[in-house]
Amino acid sequence: MQATSNLLNLLLLSLLAGLDPSKTQISPKEGWQVYSSAQDPDGRCICTVVAPEQNLCSRDAKNRQLRQLLEKVQNMSQSIEVLNLRTQRDFQYVLKMETQMKGLKAKFRQIEDDRKTLMTKHFQELKEKMDELLPLIPVLEQYKTDAKLITQFKEEIRNLSAVLTGIQEEIGAYDYEELHQRVLSLETRLRDCMKKLTCGKLMKITGPITVKTSGTRFGAWMTDPLASEKNNRVWYMDSYTNNKIVREYKSMADFVSGAESRTYNLPFKWAGTNHVVYNGSLYFNKYQSNIIIKYSFDMGRVLAQRSLEYAGFHNVYPYTWGGFSDIDLMADEIGLWAVYATNQNAGNIVISQLNQDTLEVMKSWSTGYPKRSAGESFMICGTLYVTNSHLTGAKVYYSYSTKTSTYEYTDIPFHNQYFHISMLDYNARDRALYAWNNGHQVLFNVTLFHIIKTEDDT
């Protein structure tokens with residue numbers, strides 16, 4: 001019964017949203033409508049859902065009656081609010097009138113005591129006082145009207161309460177399966193709302209949430225941002241060198257409990273912790289080289305490998321913590337990326353967009369930020385965000401947009417709870433940062449400044 005009550009509350013909220021006159025431009029016969037959406041400070045999507053005029057419940061006479069009554073209650077609430085404001089204003093008039101009456105009484109007493117000494121200015125004062133009292137006459141008349149209106153409200157609410165009570169007693173007769181289908185339909189509309197959120201600019205990082213404590217001080221863990229909603233596999237790669245074993249877990253719950261579903265023995269050792277799983281394949285830097293490997297989990301073999309031209313490797317241009325972190329592979333909403341440094345760019349960061357099949361460099365951007373001064377980095381919507389340290393006090397200090405080929409210095413702090421970060425990667429599906437924090441696998445939530453797409457956008 002509790003679940004049914006929650007479902008009904010959700011549906012009633014949808015019905016109420018449908019009664020807002022400001023949304024009459026939306027056709028009520030086209031089904032549930034996502035009218036607007038936004039992002040809250042915690043990164044969650046908030047949508048206003050407008051219910052259709054003739055929904056799945058339109059054939060239910062009781063439901064139509066309930067909707068009409070709810071409209072009535074809304075109108076009555078607005079009228080009472082207006083009445084309350086007007087009554088407060090009129091009350092101030094009455095207080096003012098009382099003071100003026102007392103003043104007039106004193107004046108008349110003065111006139112009676114000394115008629116001969118009455119001066120012309122007294123008559124002028126009396127006239128002004130009477131002029132001020134004249135507007136109070138319609139106020140008093142309005143009080144009479146308001147009193148009648150309040151009496152009508154009381155009677156109507158009394159009758160309305162009785163009807164609503166009767167409908168509430170019968171509401172349990174709704175078919176659960178029908179209600180469940182309505183909620184599923186609403187959920188679909190809310191998912192559409194999420195899809196309307198385009199790429200955004202990083203504004204805030206919150207957390208972390210500690211998922212698990214395991215492994216050595218350095219390592220990587222990740223999920224596939226292109227996996228389906230039912231595919232929640234987690235991959236785990238401990239250490240930054242001398243290892244070829246990748247552990248797979250079917251779900252986050254299995255990862256937390258340690259229930260492995262499969263292990264993979266890679267043909268090559270990896271270098272660093274900056275690997276990425278993208279569209280079912282693992283991309284990693286081959287040990288003691290600038291070669292990138294694409295390994296298919298489903299096929300269990302290498303599909304492609306290519307040298308990243310001029311890229312430094314084997315601690316030539318690592319992040320501040322070292323660990324052969326010269327080449328950082330990452331993915332975002334746009335595609336697959338490699339972040340590294342070259343002698344040709346004076347050891348500063350180079351960003352390259354890669355073809356996910358052939359690993360060819362499609363386009364590169366040279367920045368002015370020294371790779372050795374960066375703690376970690378990650379891509380969101382084609383913009384590289386760089387932290388200034390891997391230790392306590394680290395913050396996102398620099399960003400470079402590949403869309404505009406421009407950079408800016410930022411100041412976005414985040415909580416380095418376990419004092420040493422050796423992996424920090426963005427997952428576009430989860431809209432979260434995965435981090436390896438001194439032997440702890442943690443998640444950070446991100447808040448993005450979004451642009452909302454409309455139906456007219458092309």
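Residues Asn243 and Trp270 bring no donor and acceptor atom of their side chains to less than 3.5 Å of each other. Side-chain N/O atoms of Thr210 and His440 include no donor and acceptor closer than 3.5 Å. Judged by distance alone, the side chains of Ser307 and Asn290 do bring a donor and an acceptor atom under 3.5 Å apart. For the residue pair Asn348 / Ser366, no side-chain donor-acceptor distance below 3.5 Å is found, with atom types taken as modelled. Checking Asp430 against Tyr434 by side-chain atom types alone, a donor-acceptor pair falls below 3.5 Å. There is no side-chain donor-acceptor pair under 3.5 Å between Thr392 and Asn416. For Tyr317 and Thr342, the side-chain atoms include no donor-acceptor pair closer than 3.5 Å. Side-chain atoms of Thr263 and Glu248 include no donor-acceptor pair closer than 3.5 Å. Under the 3.5 Å distance criterion, with hydrogens and angles disregarded, no donor-acceptor pair is assigned to the side chains of Tyr278 and Gln356. Counted by atom type alone, Tyr398 and Ser377 present zero donor-acceptor pairs between their side chains at under 3.5 Å.
Going from atom CZ of Phe284 over to atom CD1 of Ile293 covers 5.0 Å, rounded to the nearest 0.5 Å. Summarising the geometry, atom CG belonging to Asn438 is positioned 10.0 Å from atom OH belonging to Tyr418; distances are rounded to the nearest 0.5 Å. In this structure, SG in Cys199 is found 7.0 Å from CG in Asp332, a value given to the nearest 0.5 Å. Within the model, atoms OH of Tyr236 and CD of Gln441 stand 5.0 Å from one another, a figure rounded to the nearest 0.5 Å.
Contact annotation: the side chain of Ser281 approaches that of Leu303 to within less than 4.5 Å [non-hydrogen atoms, C-beta and beyond]. No side-chain heavy atom of Gln305 sits under 4.5 Å from any side-chain heavy atom of Lys294. No side-chain heavy atom of Thr402 sits under 4.5 Å from any side-chain heavy atom of Thr383. Between Val350 and Thr367, the closest side-chain pair of non-hydrogen atoms is not below 4.5 Å. Between Gln353 and Leu336, the closest side-chain pair of non-hydrogen atoms is not below 4.5 Å.
Judged by distance alone, the side chain of Thr410 and the main-chain N or O of Val396 form a donor-acceptor pair under 3.5 Å. With Thr387 contributing its side chain and Glu376 its backbone, the two residues share a donor-acceptor pair below 3.5 Å. One N or O on the side chain of Thr273 and one on the backbone of Ser422 form a donor-acceptor pair closer than 3.5 Å. The backbone N or O of Ser228 lies less than 3.5 Å from a partner atom in the side chain of Arg429, making a donor-acceptor pair. Here the side chain of Lys212 pairs a donor or acceptor atom with the backbone of Phe255 at under 3.5 angstrom. Although no hydrogens or angles enter the test, the distance criterion places no donor-acceptor pair under 3.5 Å between the side chain of Asn343 and the main chain of Ala346. Not a single donor-acceptor pair under 3.5 Å links the side chain of Asn445 to the backbone N or O of Ile205. No donor-acceptor pair under 3.5 Å is formed between the side chain of Arg247 and the backbone N or O of Val234. Under the 3.5 Å distance criterion, the side-chain polar atoms of Tyr295 are left unmatched by any main-chain donor or acceptor of Ala304. The backbone N or O of Leu226 lies less than 3.5 Å from no partner atom in the side chain of Asn279, so there is not a single donor-acceptor pair.
Remark: Lys250 NZ is loosely packed, at most 12 non-hydrogen atoms of other residues, nucleotides or ligands lying under 6.0 Å away. Other residues, nucleotides and ligands contribute over 12 non-hydrogen atoms within 6.0 Å of the CZ atom of Arg306.
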task = Start with the C-alpha distance between Leu329 and Trp337, add both sets of side-chain angles, then the distance that settles side-chain contact (heavy atoms from CB on, under 4.5 Å), and finish with yes or no.
result = CA-CA 6 Å; Leu329 301 171; Trp337 305 85; over 6 Å; no
message = Lys286 vs Lys269, test: side-chain contact (heavy atoms from CB on, under 4.5 Å). Steps then yes/no.
response = CA-CA 6 Å; Lys286 183 180 178 181; Lys269 294 179 181 179; over 6 Å; no
request  = Give the intermediate values and the outcome of side-chain contact (heavy atoms from CB on, under 4.5 Å) for residues Phe414 and Phe444.
outcome  = CA-CA 9 Å; Phe414 60 94; Phe444 291 94; 4.1 Å; yes
message = Let's go through Tyr369 and Tyr407 carefully: what are the C-alpha distance in whole Å and the side-chain angles of both, what is the deciding distance for ring-ring contact (aromatic ring centres under 6.0 Å, His included) to 0.1 Å, and is it a yes or a no?
response = CA-CA 10 Å; Tyr369 197 92; Tyr407 71 91; 9.4 Å; no
Asn427 and Thr223: CA distance, side-chain angles, deciding distance, side-chain hydrogen bond (donor to acceptor under 3.5 Å, both in side chains) verdict = CA-CA 8 Å; Asn427 186 292; Thr223 60; 2.9 Å; yes
Derivation and outcome, ring-ring contact (aromatic ring centres under 6.0 Å, His included), residues Tyr397 and Tyr409 = CA-CA 6 Å; Tyr397 181 73; Tyr409 288 98; 5.4 Å; yes
ask   = Tyr249 and Trp221: ring-ring contact (aromatic ring centres under 6.0 Å, His included), yes or no, with the steps?
value = CA-CA 11 Å; Tyr249 304 84; Trp221 71 296; 10.0 Å; no
inquiry  = Run Phe218 and Trp321 through ring-ring contact (aromatic ring centres under 6.0 Å, His included) and show every step you take.
reply    = CA-CA 10 Å; Phe218 316 98; Trp321 65 275; 5.3 Å; yes
ask   = Step by step, would you call Asn285 with Asn274 a side-chain contact (heavy atoms from CB on, under 4.5 Å)?
value = CA-CA 8 Å; Asn285 176 208; Asn274 307 117; over 6 Å; no
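Contact check on Asp224 versus Arg233 returns no salt bridge, with no Lys/Arg side-chain nitrogen under 4.0 Å from an Asp/Glu carboxylate oxygen. Using a 4.0 Å cut-off between charged nitrogen and carboxylate oxygen, Arg431 and Glu333 do not count as a salt-bridge pair. With respect to the salt-bridge test (charged N to carboxylate O, under 4.0 angstrom), the residues Lys371 and Asp326 do not qualify.
Scanning both residues, Tyr340 and Glu309, for their nearest heavy atoms gives CE1-O, 4.4 Å. The shortest heavy-atom contact between Asn315 and Gly322 is OD1-C, 3.7 Å. The nearest pair of heavy atoms linking Ala341 to Gly347 is CB-O, 3.5 Å. Minimum interatomic distance between Met330 and Asp425 (heavy atoms only, all atoms of both residues): CB-OD1, 4.1 Å. Closest of all the heavy-atom pairs between Met203 and Ile412 is O-CG2, 4.1 Å. When all heavy atoms of Val211 and Met252 are compared, the pair lying nearest together is CG1-SD, 4.0 Å.
By the 30° and 60° cut-offs, the orientation of the rings of Tyr385 relative to Phe378 is parallel.
Between Phe268 and Tyr287, the gap from one ring centroid to the other reaches at least 6.0 Å. For Tyr319 and His390, the distance between ring centers is not under 6.0 angstrom. A ring-centre distance under 6.0 Å is found for Phe297 and Trp235.
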